[in-house]
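Quick note: numbers below take in every heavy atom, side chains included, and nothing from hydrogens, waters or symmetry partners. Numbers restart at 1 for each chain; the letters A, B, ... are given by sequence-line order, proteins then strands.
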There are 2 protein chains.
Amino acid sequence: MRVSTRGEYGVRAMFDLALHFGSGPIALKTIAERQRISESYLEQLMAALRKAGLVTSKRGAQGGYELAATPTNVTIGEIIRVLEGPITPLDCLETDTGTGPYCQAPDRCVLRSLWKELQDSMTQVLDNTTLEDLRQEAYRLEVAEQ
Amino acid sequence: MRVSTRGEYGVRAMFDLALHFGSGPIALKTIAERQRISESYLEQLMAALRKAGLVTSKRGAQGGYELAATPTNVTIGEIIRVLEGPITPLDCLETDTGTGPYCQAPDRCVLRSLWKELQDSMTQVLDNTTLEDLRQEAYRLEVAEQ
DNA sequence: TTCAATTCCTACGAATTTAGTGGGAAATGA
DNA sequence: TCATTTCCCACTAAATTCGTAGGAATTGAA
């Protein structure tokens with residue numbers, strides 16, 4: 001029931017981009033240093049996020065990455081799905097007609113309902129939290145600090 | 001974000017025991033066949049459940065496993081925790097004073113709040129569903145069938 | 001034009017976790 | 001006595017995770 005480092009680092013990187021949104025592209029190196037993530041590892045994650053259209057990139061000097069949409073329009077669920085695949089406790093939930101003994105009759109499978117409920121509770125949180133939510137929360141904490 | 005086969009099979013086995021609760025010990029072989037799980041693999045899972053006190057066992061002929069408590073008093077969360085460890089998206093949530101850069105100040109960590117919310121939504125489902133809930137649901141589905 | 005900065009791409013590898021298998025000892029009821 | 005059944009321990013093959021390494025392509029600025 002864990003989020004791997006792909007998801008964790010990916011969310012951290014995207015959160016970092018959200019905090020600096022609007023001020024041009026940010027170099028991978030900068031994000032990696034701020035978030036204390038291996039540069040070459042993060043590079044792979046950013047490649048996935050770029051291919052999924054969540055960030056845009058600019059090569060060469062003064063290049064870097066930027067959010068492709070405003071923080072308001074990027075959910076944590078999107079990020080996780082790109083980096084970790086479908087948000088589901090069991091693969092059988094992803095198919096209507098599974099192959100396992102318990103997927104033959106999904107409608108009548110009690111355990112499927114259980115896992116579905118778990119899945120729903122997870123996506124409820126992840127799909128309803130945006131980078132903007134996190135940014136505002138960060139601001140609130142910072143103010144409370146003083 | 002997946003439940004491994006340990007958790008999946010374990011819940012299935014416990015659900016099986018719940019369906020047959022009250023009629024004496026049930027042999028591992030029987031559960032394994034009904035649930036289509038490898039016998040020796042399931043044996044390891046049952047050992048863990050026994051050591052955790054969720055089932056009792058009886059050796060020898062006519063031996064087998066039984067729920068240690070009534071289905072009403074066994075939650076899915078308990079089963080999962082025994083077989084998969086703490087229900088947490090990130091290990092850092094398990095410690096008050098983590099070691100990572102983002103765990104130095106848990107109270108001020110925005111991302112920690114996010115993962116905590118996810119964790120809460122997961123435990124909300126798993127800790128509030130009992131084997132009895134599943135048993136009743138199974139009964140309802142069976143009736144609706146006719 | 002040159003050059004440093006930076007993304008892009010591919011391949012490899014070590015460590016860990018997952019999902020089992022196998023063999024035999026101990027206990028129990030008939 | 002014996003078939004049944006749990007108990008216990010060691011092993012392993014495959015997949016996944018978490019990276020590292022090296023170099024090609026692009027870009028902006030001096």
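- For A:Ser121, there are no side chain to side chain donor-acceptor pair (under 3.5 Å) partners at least two apart in sequence or on another chain.
- Under the side chain to side chain donor-acceptor pair (under 3.5 Å) criterion, A:Thr123 pairs with no residue at all, not counting sequence neighbours.
- A 4.0 Å heavy-atom criterion places the boundary nucleotides of DNA chain D facing chain B at D:dT4 to D:dC8, written 5' to 3'.
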Can you give one letter per nucleotide of nucleotides 7-19 of chain C, 5' to 3': B if a protein heavy atom sits under 4.0 Å from the base, S if only from the sugar-phosphate, - if neither? BBB---------B

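- In terms of the side chain to side chain donor-acceptor pair (under 3.5 Å) criterion, residue partners of A:Arg135 (sequence neighbours excluded) are, by chain and number, A:Glu132.
- Considering only residues two or more places apart in sequence or on other chains, B:Glu137 meets the salt bridge (Lys or Arg N to Asp or Glu O under 4.0 Å) condition with B:Arg140.
- With sequence neighbours left out, the salt bridge (Lys or Arg N to Asp or Glu O under 4.0 Å) criterion links A:Glu66 to no other residue.
- At least one donor-acceptor pair under 3.5 Å links the side chain of A:Arg112 to the backbone N or O of A:Cys92.
- Remark: A:Tyr65 engages no residue in a ring-ring contact (aromatic ring centres under 6.0 Å, His included) (not counting sequence neighbours).
- Annotation: salt bridge (Lys or Arg N to Asp or Glu O under 4.0 Å) contacts involving residues 114-126 of chain A, sequence neighbours excluded, comprise A:Lys116-A:Asp120.
- When the salt bridge (Lys or Arg N to Asp or Glu O under 4.0 Å) test is applied to B:Lys58, no partner is found at least two apart in sequence or on another chain.
- Residues from residues 77-85 of chain A with heavy atoms under 4.0 angstrom of DNA chain C: there are none.
- For residues 77-91 of chain B, the pairs satisfying salt bridge (Lys or Arg N to Asp or Glu O under 4.0 Å) are A:Arg2-B:Asp91, B:Arg81-B:Asp127, with sequence neighbours left out.
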